[in-house]
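Encoded as structure tokens, the structure appears first; notes follow it.
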Amino acid sequence: MTDKETQEATAVATPAYASDALAEETVDAVVIGGGAAGLNGALILARSRRSVVVIDSGSPRNAPAQAVHGLLALDGTPPSEILRRGREQVRQYGGRVVFGEVVAAESAAPSADGDLRFTVTLADGRHITARRILVATGLTDVLPEVPGLAEHWGHSVVHCPYCHGWEVRDEPIGVLATGAASIGHAYLFRQLTEDLTYFTHGTDLDEDSRARFAARGIRVIDTPVTEVVNDADGALAGVRLADGQVVARRVVAVAAPMQARTQGLEGLGLPVQDLPKGRGFASGMAGATEVPGVWVAGNVTDLVAQVGASAAAGALAGADINSTLATADTDAALQGIAEGSPKGATG
């Protein structure tokens, strides 16, 4: 399954909502991505009286899930409801949320006072100019090429023991290995059930790990998995092996490789880094990147961040953006005074 096919298979569009008009004037910041990281970054900026526009493609990674878990005070809240509240709150402070897909983002000629400028273009041809950019496009989970796996993604096929673990506790769980990361994955899911089977699925499993699995009562099956099997009601019932045997399972856990959503952002020249569990944009403190004027936040740079951590990262990035804008505004004011005086700022 290609990255594009996986994204299409696992993507679920959010419910339709009214889109704000795209600002025609230069704005302080454009946030690319309308998830937790992007909306919280926009909220911080809007509350600082910055003009901010969020561009939201409407296909968040966690849309298939019934609820967000592990988020204090909001545990059990549907992802769509959290995003609805987030958009409402950004708008409450004057921010705009625009439904659209970014196809290009690149540096533009600086302003007359030397401040940075960027141009962001949408799929429908519209474009907007911004002083700063926050990229919060999230990531795509690249599922193994096993027929039937994607249709249960976010329900009976899960990836995160902290996001979904409690809900699948005591169920017969199968870990479909994708690589070395799946070994640690198995220990985490063993905490949730006594009935755990590890399908190596062509990956290596060393003798020490096999011994440790045996000590924890984790069954190991080396025969490759060929498909996911459903019951008469369409629920996940097990997996079929290459020898034809069906192993009954109600849940399949997959430590799927994760890839940052970078489409349309190539023009920014953001550095990308390989991480233990996938590939994402490199970033420093508060999400700052090596590209002046561009920040990243959430799963696009921190692949394992849950909703709360992504939102917090967006807030930090938003505050840092506001700080740099405040400095730029002051520099411009001083320059204006100097240029307005024949003898310069010192008189």
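Being a predicted model, the structure only gives us computed values, none of them experimental. Numbers here are sequence positions counted from 1.
With respect to Pro60, the side chain to side chain contact (heavy atoms under 4.5 Å, CB included) criterion is satisfied by exactly one of Ile82, Leu83, Val307: Leu83. Under the side chain to side chain contact (heavy atoms under 4.5 Å, CB included) test applied with Val251, the options Thr193, Leu192, Val158, Val157 reduce to a single match, Val158.
We find that Asp195 and Arg219 are not joined by a salt bridge, their nearest charged nitrogen and carboxylate oxygen being 4.0 Å or further apart. Taking a cutoff of 4.0 Å between a charged side-chain nitrogen and a carboxylate oxygen, Arg132 and Asp320 do not qualify as a salt bridge. Note on Glu81 versus Arg84: salt bridge recorded, some NZ/NE/NH1/NH2 to OD/OE distance being below 4.0 Å. A salt bridge does not link Asp208 with Arg210: every distance from a Lys NZ or Arg NE/NH1/NH2 to an Asp or Glu carboxylate oxygen is 4.0 Å or more. The pair Asp170-Arg250 does not meet the salt-bridge criterion, since no charged nitrogen lies less than 4.0 angstrom from a carboxylate oxygen. Comment: Asp206 does not engage Arg212 in a salt bridge, judged by the lack of any side-chain N to carboxylate O separation of less than 4.0 angstrom.
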**Message:** Determine whether Val52 and Tyr93 satisfy the following criterion, side chain to side chain contact (heavy atoms under 4.5 Å, CB included), listing intermediate values before the conclusion.
**Reply:** CA-CA 10 Å; Val52 58; Tyr93 296 102; over 6 Å; no

**Message:** I'd like to know whether Met258 forms a side chain to side chain contact (heavy atoms under 4.5 Å, CB included) with Arg61, so could you lay out the CA-CA distance, the side-chain angles of the two residues, the decisive distance to 0.1 Å, and finally the verdict.
**Reply:** CA-CA 11 Å; Met258 297 174 280; Arg61 177 195 184 198; 3.5 Å; yes

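In this structure, Thr26 contributes its side chain and Ala130 its backbone to no donor-acceptor pair below 3.5 Å. For Thr137 (side chain) and Arg261 (main-chain N/O), a donor-acceptor pair under 3.5 Å exists by modelled atom type. Put simply, the side chain of Asp20 never gets that close to the backbone of Arg96: no donor and acceptor are under 3.5 Å apart. In this structure, the side chain of Asn299 engages the main chain of Ala305 through a donor-acceptor pair within 3.5 Å. Under the 3.5 Å distance criterion, the side-chain polar atoms of Ser209 are left unmatched by any main-chain donor or acceptor of Leu205.
For Asp113 and Ser111, the side-chain atoms include at least one donor-acceptor pair closer than 3.5 Å. A donor and an acceptor atom, one from each side chain of Thr301 and Ser283, are located under 3.5 Å apart. Gln335 and Glu339 form a side-chain donor-acceptor contact under 3.5 Å, judged by distance and modelled atom types alone. Gln259 and Asp141 share no side-chain donor-acceptor pair at under 3.5 Å.
By the 6.0 Å contact criterion, CD on Glu266 is enclosed, its count of non-hydrogen atoms from other residues, nucleotides or ligands being greater than 12. A 6.0 Å sphere centred on CD of Gln92 holds more than 12 heavy atoms belonging to other residues, nucleotides or ligands. The 12-atom threshold is not exceeded at CD of Gln191, counting heavy atoms of other residues, nucleotides or ligands nearer than 6.0 Å. Heavy atoms from other residues, nucleotides or ligands lying under 6.0 Å from NE2 of His152 number more than 12. Within 6.0 Å of the CD atom in Gln273, the count of heavy atoms belonging to other residues, nucleotides or ligands exceeds 12. Counting non-hydrogen atoms of other residues, nucleotides and ligands closer than 6.0 Å to CD of Glu25 gives a total above 12. Dense packing is recorded around CZ of Arg117, with more than 12 heavy atoms of other residues, nucleotides or ligands lying under 6.0 Å away.
Tracing side-chain contacts under 4.5 Å through hydrophobic residues (I, L, V, M, F, W, Y), one reaches Val135 starting from Val53; they form part of the same cluster. Using a 4.5 Å cut-off between side-chain heavy atoms of Ile, Leu, Val, Met, Phe, Trp and Tyr, with links allowed through other members, Phe281 and Leu139 fall into different hydrophobic clusters.
A cation-pi arrangement is found for Arg87 relative to Tyr17, the charged atom lying closer than 6.0 Å to the ring centre and inside a 45° cone about the ring normal.
His185 has its ring centre no less than 6.0 Å from the ring centre of His159.
Rounding to the nearest 0.5 Å gives a distance of 10.5 Å between CG of Asp75 and CH2 of Trp166.
Looking at heavy atoms from C-beta onward, Cys163 lies in side-chain contact with Gln306 at the 4.5 angstrom threshold.
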